[in-house]
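All heavy atoms count here, side chains included; hydrogens, waters and symmetry mates do not. For ligands, and for the atoms within them, numbers begin at 1 and follow the listed sequence.
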Amino acid sequence: MKFGGTSVGKPEMMRRVAQLITRDNQPKMVVLSALSGTTNALIAISQDLYEHKKQSAAEKIDKLYQHYQQFVELLYQNEKYKKEAQTKVREQFNQIHTLAATKKFTSVEERIMLAQGELLSTQMFALLCQELGIKSLLIPALEFMRIDADGEPDLTFIEQNLRKILASYEPFPIYITQGYICKNSNDEIDNLKRGGSDYTASLLGAALRSPAIEIWTDINGMHNNDPRIVKKTFPIAELSFEEAAELAYFGAKILHPTCIIPAQKYNIPVWLLNTMQPEAQGTVIKNLPNSSNKPDIRAIAAKDGITAINIKSSRMLLAYGFLRKIFEVFEKYKTPIDMITTSEVAVSLTIDNPAYLSEITLELKKFGQVQIDKQQTIICVVGNFKAEKSGVVAKVLQSLKEIPLRMVSYGGSDHNISILLDTQYKAIALNTLNESLFEWK
Ligand code: ADP
Ligand code: ASP
Ligand code: MG
């Protein structure tokens, strides 16, 4: 069971989580995020420290500390646990102050800083469980969560070390651990990127071959469209692993982009549930037979911050090996490509990590003219787009007829149409698609 930032972001919510984990007697692993707002605050503090704004960082740290002191005050009834939590929180903030005082603030310090949120929330929650008489054990994620040199989770290491740690204690009905944080191949503290607690939960579910993975958040499951931008959205009861993976990867914030992969590997259903409304049905993501009675269009997601790259070259005409040369440039800079479209004399592709954009552009210029467009958005429509299903793609494009489209990608899989457009058109595109594709609702 994984509980996100808002699920533990208020003392009464944290108490509700304690109730939820004891609703049945199933043994479980509980993964917690940082309290909502904490990771953002730690990122802002780190930014100040990079820019040598010590005073501003100190003010932010004080504000955050006050927030935690108030939280502790309200969370516990019993003075003994309150005192213990105050000490733990103070110790954690001492670490934050030590990091803030380092002469040269580097990415090593930043990653230790970002880990503090989950270290705080789990210690506070473990003490709450003790106060409430819930038999549980806090196990440190930094001892078994690990990424390799490419930043990919090392599932074998995770499984072996987690099992070793669990075997070293008498069995507990409930284990608590930190989401998001891990060690990397240099044995430094690192993380699984924003929203990474979902990924932790899925990796642990896979490592333990758990019968289910539950992601508890602040909404009744995966909606058919981004509820932050579109008014009339509704939850989807069931999604296949493939559908959910596409939606997560292409921007549905409710799930970390790659967190479906470990669950799918071991065929473990993933439930998306609402901490504020535990009885709501939510969404289950599982192996679904390709049933033809599913609606043609399932859901829409959008991913911002995309850069489009167009390479035009007459040398491409009738040449072979051209695409390989282009792809090699991206491989060299470890930059994944999301979308691609080609014509006889040009290739357009998109990336979401612009870290090496200037190096990549320079190398691509050897092959032809290069044009870069920033601030693009990929809109991903997920549904049943099998070639024999006529008219579905036409319906999608028809509803966007007033909006300038930069790229369209269809046919790569049976369940995705991706459309690239300038980010200024995103809200209108999502709303228009919602109206025309889900009007039957
Ligand atoms: P947590 O802190 O629990 O991990 P997140 O904020 O990461 O929660 O994810 C939940 C939020 O994702 C929702 O409050 C909602 O605003 C947003 N969201 C974006 N797209 C979708 C979608 N398609 N379905 C449901 N929620 C979505
Ligand atoms: N606390 C981390 C974040 O805000 C991880 C998570 O919440 O999943 O990104
Ligand atoms: Mg999240």
Side-chain angles (χ1 to χ4, degrees), residues 1-10 13-14 16-17 20 31-44 46 64 111 113-122 141 145 177-182 190-204 213-237 239 243-259 270-277 280-283 285 297-304 377 379-382 426-427 430 433-434 438:
M1 296 174 90
K2 174 261 171 175
F3 294 89
T6 37
S7 300
V8 291
K10 294 212 170 87
M13 291 300 296
M14 211 183 242
R16 190 183 279 239
V17 170
L20 283 172
V31 175
L32 299 187
S33 292
L35 313 195
S36 49
T38 299
T39 309
N40 285 343
L42 295 170
I43 288 173
S46 303
L64 195 63
R111 282 175 280 132
M113 182 71 91
L114 297 191
Q116 302 305 313
E118 273 70 13
L119 293 168
L120 278 159
S121 65
T122 45
M145 291 305 294
T177 197
Q178 298 85 18
Y180 178 60
I181 64 174
C182 61
D190 214 318
N191 60 64
L192 300 174
K193 309 269 160 57
R194 294 310 305 270
S197 298
D198 301 334
Y199 206 8
T200 304
S202 177
L203 288 161
L204 295 183
I213 296 164
E214 297 180 358
I215 310 278
W216 289 81
T217 179
D218 57 2
I219 190 162
N220 289 345
M222 177 77 82
H223 279 219
N224 67 311
N225 206 330
D226 192 327
R228 296 166 300 176
I229 296 167
V230 175
K231 270 209 190 85
K232 273 167 55 191
T233 64
F234 53 87
I236 307 167
L239 283 170
E243 289 168 336
E246 301 266 18
L247 290 169
Y249 186 74
F250 287 107
K253 191 197 172 216
I254 186 171
L255 277 179
H256 177 279
T258 46
C259 83
V270 179
W271 291 86
L272 307 181
L273 298 162
N274 189 350
T275 311
M276 337 263 176
Q277 234 177 293
Q281 183 184 11
T283 299
I285 300 160
I297 314 262
R298 303 277 278 156
I300 302 168
K303 186 171 173 177
D304 296 332
T377 291
I379 295 201
C380 164
V381 184
V382 165
K426 167 184 151 176
L430 287 181
L433 283 168
N434 210 59
F438 298 102

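Gly179 does not count as a contact of ligand 2, since none of its heavy atoms falls under 4.0 Å from the ligand. Gly195 counts as a contact of ligand 2, since one of its heavy atoms falls under 4.0 Å from the ligand.
Summarising the geometry of Arg298 relative to Leu239, their closest heavy-atom pair is NH2-CA, 3.7 Å, with the distance given to 0.1 Å. The two residues Val17 and Ser7 make their nearest non-hydrogen contact at CG2-O, 3.2 Å. Closest non-hydrogen pair, Thr283 versus Ile236, comes out as OG1-O, 2.6 Å. Between Cys380 and Glu246, the shortest heavy-atom contact is SG-O, 4.3 Å.
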Tabulated below should be the N or O atoms of ligand 1 paired with protein N or O atoms at under 3.5 Å; can you produce that?
| from | atom 1 | to | atom 2 | distance (Å) |
| --- | --- | --- | --- | --- |
| ligand 1 | 2 (O) | Gly5 | N | 3.1 |
| ligand 1 | 3 (O) | Thr217 | OG1 | 2.8 |
| ligand 1 | 4 (O) | Lys2 | NZ | 3.1 |
| ligand 1 | 6 (O) | Lys253 | NZ | 2.7 |
| ligand 1 | 8 (O) | Thr217 | OG1 | 3.2 |
| ligand 1 | 14 (O) | Asp218 | OD1 | 2.8 |
| ligand 1 | 14 (O) | Asp218 | OD2 | 3.4 |
| ligand 1 | 23 (N) | His223 | O | 3.2 |
| ligand 1 | 24 (N) | His223 | N | 2.8 |

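Between Lys2 and ligand 2, a contact under 3.5 Å exists for no N or O pair. The distance criterion of under 3.5 Å between nitrogen or oxygen atoms is not met by Lys193 with respect to ligand 2.
Residues satisfying the side chain to side chain donor-acceptor pair (under 3.5 Å) test with Lys253, not counting sequence neighbours, are none. Every residue two or more places apart in sequence or in another chain was checked for a salt bridge (charged side-chain N to carboxylate O under 4.0 Å, His left out) with Arg16, and none qualifies.
The side-chain tip of Lys193 does not point at the ring of Tyr199 from less than 6.0 angstrom away and within 45° of straight on.
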Quiz item: For Asp226 and Thr233, what are the C-alpha separation, side-chain angles and deciding distance, and is it a side-chain contact (heavy atoms from CB on, under 4.5 Å)?
Solution: CA-CA 7 Å; Asp226 192 327; Thr233 64; over 6 Å; no
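Atoms of ligand 2 lying under 4.0 Å from any heavy atom of Thr39, numbered from 1 in the order shown and given with element: 1 (N), 2 (C), 3 (C), 4 (O). Shown in contact with Ser33 at under 4.0 Å from a heavy atom are these atoms of ligand 2, numbered in order with element: 6 (C), 7 (O), 8 (O). Interface of Glu118 with ligand 2, defined as ligand atoms under 4.0 Å from a residue heavy atom, comprises 1 (N), 2 (C), 5 (C). Proximity to Tyr180 (heavy-atom distance under 4.0 Å) selects the following atoms of ligand 2: 2 (C), 5 (C).
The closest protein non-hydrogen atom to atom 6 (C) of ligand 2 is Ser197 OG, 3.3 Å. Remark: minimum distance from atom 4 (O) of ligand 2 to any protein heavy atom is reached at Arg194 NH2, 3.0 Å.
With hydrogens and angles disregarded, no donor-acceptor distance shorter than 3.5 Å links the side chain of His223 to the backbone of Asn225. A donor-acceptor pair is defined here as one N or O able to donate and one able to accept, closer than 3.5 Å; no such pair exists between the side chain of Asn191 and the backbone of Ile181.
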Output a table of donor-acceptor pairs, distance under 3.5 Å, between side-chain atoms of residues 213-221 and any protein atom two or more places apart or on a different chain; print 'none' if there are none.
| from | atom 1 | to | atom 2 | distance (Å) |
| --- | --- | --- | --- | --- |
| Glu214 | OE1 | Trp216 | NE1 | 2.9 |
| Asp218 | OD2 | Thr6 | OG1 | 3.4 |
| Asn220 | OD1 | Asn274 | ND2 | 2.7 |

